[in-house]
Amino acid sequence: MTFDELQLHDTLLRAVKAEGYTTPTPIQAKAIPHALLGKDILGVAQTGTGKTAAFALPILQRLSAKAPAGGHRPIRCLVLTPTRELAGQVGESFMTYGKNLPLKHAVIFGGVGQAAQVQSLQRGLDVLVATPGRLLDLMDQGYVSLRSLEVFVLDEADRMLDMGFIHDVRKVIKALPAKRQTLFFSATMPPEIVDLSRNLLTDPVRVEVTPVSSTAETVAQQVYFVEREQKRGLLTHLLKDGKISRALVFTRTKHGANRVAKQLEGSGVTAAAIHGNKSQNARERALDEFRSGTLRVLVATDIAARGIDIDGLSFVINYDLPNVPEQYVHRIGRTGRAGATGTAVSFCDGEERAYLRDIERTIRRSVPVVEDHPYRSGMAP
Ligand code: AMP
């Protein structure tokens, strides 16, 4: 499945490609076609699955199909999220994917002054992303009308419940027009959330994606404790082992990916970097060369590596540890596929110890430490 098969307009496809996405994630592939037809969706999915684009893309497409002719813009889409961080991220997604469209959005949440938020509401907008408390507050003050609402998104419904917001959510729902499309997302479905979804949704399409919290048994995991400035030496040291015919190396940043690739080239290892700033052509070329064995090392950021499938990849190296544990699971899932065995090596410096703890909690196991290497933290090489 490619994005081109999803019946999305060119403007949205361009924005998606500019982000470096090559293939829709499972929730996107399953939800977007139904959402585009105006169906209600029950999405059982957690953060990290690409659920934001799964609702933002079809919403942008449907809203832009009949943009208001001018005058005051009524709010046509409301996205309710439990936290200001998530509200900010969702707002950014609407901005990124909708950058070629004449639609406006705003993000409102509590804990900050309301003046700027009121101003953007008064200027008019198409998509409002909000946390429940501040939204109710501004509704009570008469700044928000949801009369013209066409689409309602409830994001992370189970967290709304955990955080004690469910009462506020119900109040907001009372103010929504009965005729609307509703997209409902929750990572888990406790009984109260099942009830809420039944009340909110009409003949929904249920889309469920399994959380990525377990790592394959076929992947041997190892961690090397190493000072940040010694990582480069450790990588070269590991690659001296002829058994590593090919390795996919992950870095957290685009800049880091470029630097590592350059350093490897400098020490005689064929390598290239792929990330969102590289053209599609450059990325495809690097991938082809890596697949054919011309390149021994491919250095990638998480986003660039999404959806890439490389047969027979037996080595993944986390040059930096990801700060989102699920990314670790995604990364190491590149190896040990289809029953083959693989090795996932992680470099961990002093500042990354907390990330390692989060990862171990998520995968519910501890990652074996390799003690015997010349770049061990606190030891001279
Ligand atoms: P979400 O689950 O919506 O929080 O998304 C998780 C991350 O995946 C975000 O950083 C997105 O930018 C990224 N993402 C979403 N869809 C795709 C895709 N099709 N390919 C690659 N990355 C994606």
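Quick caveat: nothing in here was measured; it's all calculated off a predicted structure. As a basis for the values below, the full set of heavy atoms in this structure was taken, side chains included, without hydrogen atoms, waters or symmetry mates. We count ligands from 1, going down the list as the structure has it; atoms in each ligand are counted the same way.
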Tell me the nearest of Asp302, Thr52, Thr96 to atom 3 (O) of ligand 1, using heavy-atom distances. Thr52

With a 4.0 Å heavy-atom cut-off (strictly under), which part of Gln28 contacts ligand 1: side chain, backbone, both or neither? side chain

What atoms of ligand 1 come within less than 4.0 Å of a heavy atom belonging to Lys51? 1 (P), 2 (O), 3 (O)

Can an N or O of Thr49 be found at a distance shorter than 3.5 Å from an N or O of ligand 1? yes

Mark yes or no for whether Gln117, through its side chain, and Phe109, through its backbone, hold a donor-acceptor pair below 3.5 Å. yes

Check: Gly50 N/O within less than 3.5 Å of ligand 1 N/O: yes

Search all heavy atoms of Ala247 against all heavy atoms of Leu239 and return the closest pair with its distance. CB-CD2, 4.5 Å

Using the side-chain contact (heavy atoms from CB on, under 4.5 Å) criterion, which residues pair with Pro24? Sequence neighbours excluded. Met1, Phe3, Leu6, Gln28, Ala29

So is Tyr21 polar-close to ligand 1, meaning N/O to N/O under 3.5 Å? yes

Working to the nearest 0.5 Å, report the span between CD1 of Ile173 and CG of Leu146. 11.5 Å

Among residues two or more places apart or on two chains, list those pairs meeting side chain to side chain donor-acceptor pair (under 3.5 Å) that have a residue in residues 88-101. Tyr21-Tyr97

Can you find a non-hydrogen atom of Thr23 under 4.0 Å from ligand 1? yes

Quick check on contacts: which atoms of ligand 1 are under 4.0 angstrom from a heavy atom of Phe3? 19 (N)

Student check: side-chain heavy atoms of Thr83 and Glu156 closer than 4.5 Å: no

